There are 2 protein chains.
Amino acid sequence: MKAEDPAREPGGGEVRLSRASAGRLSLYLRRLEGFRREGSKKISSGQLGEAVGVTDAQVRKDLAHLGSLGQPGIGYPTEGLIAAIRRALGIDRQWSVALVGVGNLARALLRYRGFQEQGFRIVALFDADPAKIGQRLEGLEVYAPARMAAVIAETGAELGLLTVPSESAQEVVDALVAARIKGVLNFAPTVLRVPAGVSLVSVDLAVQLEQLAFLVQLRGSD
Amino acid sequence: MKAEDPAREPGGGEVRLSRASAGRLSLYLRRLEGFRREGSKKISSGQLGEAVGVTDAQVRKDLAHLGSLGQPGIGYPTEGLIAAIRRALGIDRQWSVALVGVGNLARALLRYRGFQEQGFRIVALFDADPAKIGQRLEGLEVYAPARMAAVIAETGAELGLLTVPSESAQEVVDALVAARIKGVLNFAPTVLRVPAGVSLVSVDLAVQLEQLAFLVQLRGSD
DNA sequence: GGATGTGAACGACTTCACAGCG
DNA sequence: CGCTGTGAAGTCGTTCACATCC
């Protein structure tokens with residue numbers, strides 16, 4: 001996990017959110033959608049905190065950034081909170097996404113329901129392998145990297161999913177940047193460079209497994 | 001991303017590592033292996049920090065936890081650092097891993113080279129779908145969940161990869177815990193409960209995309 | 001000179017505790 | 001009374017700066 005400077009000038013009267021808080025808001029959102037399905041109209045900071053594993057005070061601090069949505073003695077309105085969190089995270093709209101590198105991971109992401117549910121739509125596929133170019137997956141055609149700029153402009157994709165081997169990751173991210181992509185979610189196990197103005201989030205699966213091994217090993221030392 | 005309490009009693013004369021630091025050590029390790037391939041015998045905190053995007057002071061603080069490996073005026077020995085980091089993270093040995101939920105993501109993980117390179121070996125597959133039970137993938141047979149305890153004991157798997165739908169995630173994790181698994185890497189977009197004594201790391205792909213959207217949106221407010 | 005290791009300053013995030021409102 | 005919103009206190013992690021050593 002890695003990203004660019006989150007600090008920003010105030011500008012308009014916008015919501016000010018810390019990075020850590022934004023991560024938890026995603027978790028609250030996921031859980032709130034569950035509560036909504038179960039018919040809960042109101043939810044307290046204690047319940048929500050319990051459900052995602054943080055303290056009630058933490059929940060209140062995080063939610064306070066969204067404005068005064070809670071009612072003392074009552075709690076927060078489930079529906080209102082969901083809307084407010086989506087707005088704060090910038091997912092109160094559709095995001096179009098381009099996917100580069102059509103391997104197994106890409107196929108998994110293409111069929112991953114979670115993305116669509118949160119308003120992310122994969123609208124374009126790219127791969128350098130001539131054998132894959134022209135194939136169709138989930139109704140989308142695989143294009144050659146050379147067509148990246150044109151296709152991205154045409155489809156209006158703003159985000160990129162990077163599921164290529166480490167060796168070509170930097171090269172591809174450069175191409176995406178040149179094609180005016182605004183943010184990249186990288187799965188290649190490398191540290192990538194992006195210019196200021198483009199956002200980057202990396203998920204390194206081996207790092208996650210290593211973290212797990214580390215935690216397990218820690219416990220072993222009893 | 002989520003995990004259990006990392007705090008622990010001193011006990012033996014073991015290395016004391018913060019969670020954040022452990023995450024960066026993984027990144028250093030990845031990069032150091034690159035430097036080694038390129039033939040670098042020595043590396044300075046400045047070079048390493050530059051390569052992974054943190055300050056030189058941060059690198060030194062992190063590496064200081066591993067003991068005094070650096071030579072003033074010279075830097076750190078590449079090879080020695082790699083060994084020390086692997087030991088600190090608990091990956092100076094093989095870990096056997098069981099994978100539950102044989103979907104697209106599982107297939108991607110099975111073929112992911114990064115795991116093997118870091119000493120993780122997937123040794124058992126499980127899926128509840130009768131159509132998948134008995135199939136072979138990458139030389140491994142898919143077993144029914146009922147055989148979990150027996151197969152895990154037999155193969156000596158200590159870690160579990162969870163790539164099942166959210167609905168069944170808690171149920172499966174309970175089965176893994178019952179089968180004496182020590183840690184779980186969860187990909188289902190849910191908050192899971194595990195008893196103390198079992199470690200949990202969760203990777204929620206939708207959360208990562210939401211983080212990206214949040215960062216992009218932040219920049220938009222210029 | 002060049003780079004490490006580390007106390008001290010700093011900053012960010014979390015928890016506490018309580019006033020205030022429904 | 002229950003639960004929110006929030007200043008104040010506390011904790012944790014990062015950056016600075018420099019003495020120290022090759």
Side-chain angles (χ1 to χ4, degrees), chain A residues 1-8 15-28 32 35 40-78 80-81 84-85 88 211 214, chain B residues 1-8 15-28 32 35 40-78 80-81 84-85 88 211 218:
Chain A
M1 252 112 294
K2 207 76 241 320
E4 301 310 285
D5 67 303
R8 214 69 239 186
V15 181
R16 182 108 275 109
L17 233 59
S18 88
R19 190 74 201 305
S21 179
R24 282 189 303 268
L25 286 180
S26 280
L27 294 178
Y28 301 154
L32 283 167
F35 282 126
S40 306
K41 294 260 183 290
K42 299 284 180 191
I43 187 103
S44 74
S45 58
Q47 292 173 293
L48 191 49
E50 155 79 1
V52 315
V54 306
T55 65
D56 55 338
Q58 180 75 79
V59 173
R60 288 199 299 279
K61 268 273 151 74
D62 287 336
L63 298 186
H65 294 140
L66 311 179
S68 288
L69 294 156
Q71 293 172 281
I74 307 287
Y76 298 83
T78 311
L81 253 194
I85 292 178
Q211 289 304 295
F214 167 64
Chain B
M1 250 111 297
K2 207 76 241 320
E4 300 311 286
D5 66 303
R8 212 71 240 188
V15 181
R16 182 107 275 110
L17 234 60
S18 88
R19 190 75 200 305
S21 179
R24 283 189 302 268
L25 286 181
S26 279
L27 295 177
Y28 300 154
L32 283 167
F35 282 126
S40 306
K41 294 262 185 287
K42 300 284 180 190
I43 187 102
S44 72
S45 58
Q47 292 174 293
L48 192 48
E50 156 79 1
V52 314
V54 306
T55 66
D56 55 338
Q58 180 75 79
V59 173
R60 288 199 298 279
K61 268 273 152 71
D62 288 336
L63 298 185
H65 294 140
L66 311 179
S68 288
L69 294 156
Q71 293 172 281
I74 307 288
Y76 299 83
T78 311
L81 252 194
I85 293 178
Q211 289 305 294
L218 261 193

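Since this is a predicted model, take the numbers as computed values, not measurements. Below, read A as the first sequence line, B as the second, and so on, with proteins coming before strands; counting in each chain starts at 1.
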Phosphate-side-chain proximity, A/Thr55 and C/dT15, N/O vs OP1/OP2 below 4.0 Å: yes
Distance (rounded to the nearest 0.5 Å) between B/Leu218 CG and A/Arg19 CZ: 9.5 Å
For C/dC13 and A/Arg24 - does any side-chain N or O of the residue sit under 4.0 Å from the phosphate oxygens OP1/OP2? no
Could you check A/Ile74 against A/Ala64 and say which one's nearest nucleotide on DNA chain D is further toward the 5' end? A/Ile74
With a cut-off of less than 4.0 Å, is there a side-chain N or O of B/Ser45 near OP1 or OP2 of C/dT4? yes
Tell me: CG of A/Leu69 to P of D/dC3, nearest whole Å? 18 Å
Rounded to whole Å, please give me the gap between CG in B/Asp62 and P in D/dT14. 7 Å
Under-4.0 Å side-chain N/O to phosphate OP1/OP2 contact, A/Gln58 with C/dT15: yes
Separation of A/Leu81 atom CG from D/dC3 atom P, in whole Å? 15 Å
At what distance, to the nearest 0.5 angstrom, does CG of A/Asp56 lie from CD of A/Glu50? 10.5 Å
Would you kindly give the CZ-to-P distance between B/Arg19 and D/dT14, to the nearest whole Å? 13 Å
Under 4.0 Å between a side-chain N or O of A/Tyr76 and OP1 or OP2 of D/dG2? no
What is the distance from CZ of A/Arg60 to C1' of C/dC21, rounded to the nearest Å? 14 Å
With rounding to the nearest 0.5 Å, note down the distance linking OH in A/Tyr76 to CZ in A/Phe35. 14.0 Å
In whole angstroms, the gap separating P of D/dT15 from CG of B/Asp56 amounts to 10 Å
Expected output: side-chain A/Ser45 to main-chain A/Val59 donor-acceptor under 3.5 Å: no
Measuring from the side chain of A/Ser18 (C-beta onward, heavy atoms only), which nucleotide among C/dG2, D/dG5, C/dC13 has the closest atom? C/dC13
Nucleotide D/dT4, atom P - distance to NE2 of A/His65 in whole Å: 16 Å
Would you compute the distance between atom OG of B/Ser44 and atom CZ of B/Arg60 and round it to the nearest 0.5 angstrom? 9.5 Å
Determine whether a donor-acceptor pair (one donor, one acceptor, N or O, separation below 3.5 Å) exists between the side chain of A/Lys61 and the base of C/dT15. yes
How would you label the contact of A/Ser21 with the nucleic acid (heavy atoms, under 4.0 Å): base, sugar-phosphate, or nothing? nothing
So B/Leu48, base contact, sugar-phosphate only, or nothing? Heavy-atom distance under 4.0 Å. nothing
Rounded to whole Å, how long is the line connecting atom CG of A/Leu63 with atom C1' of C/dT14? 15 Å
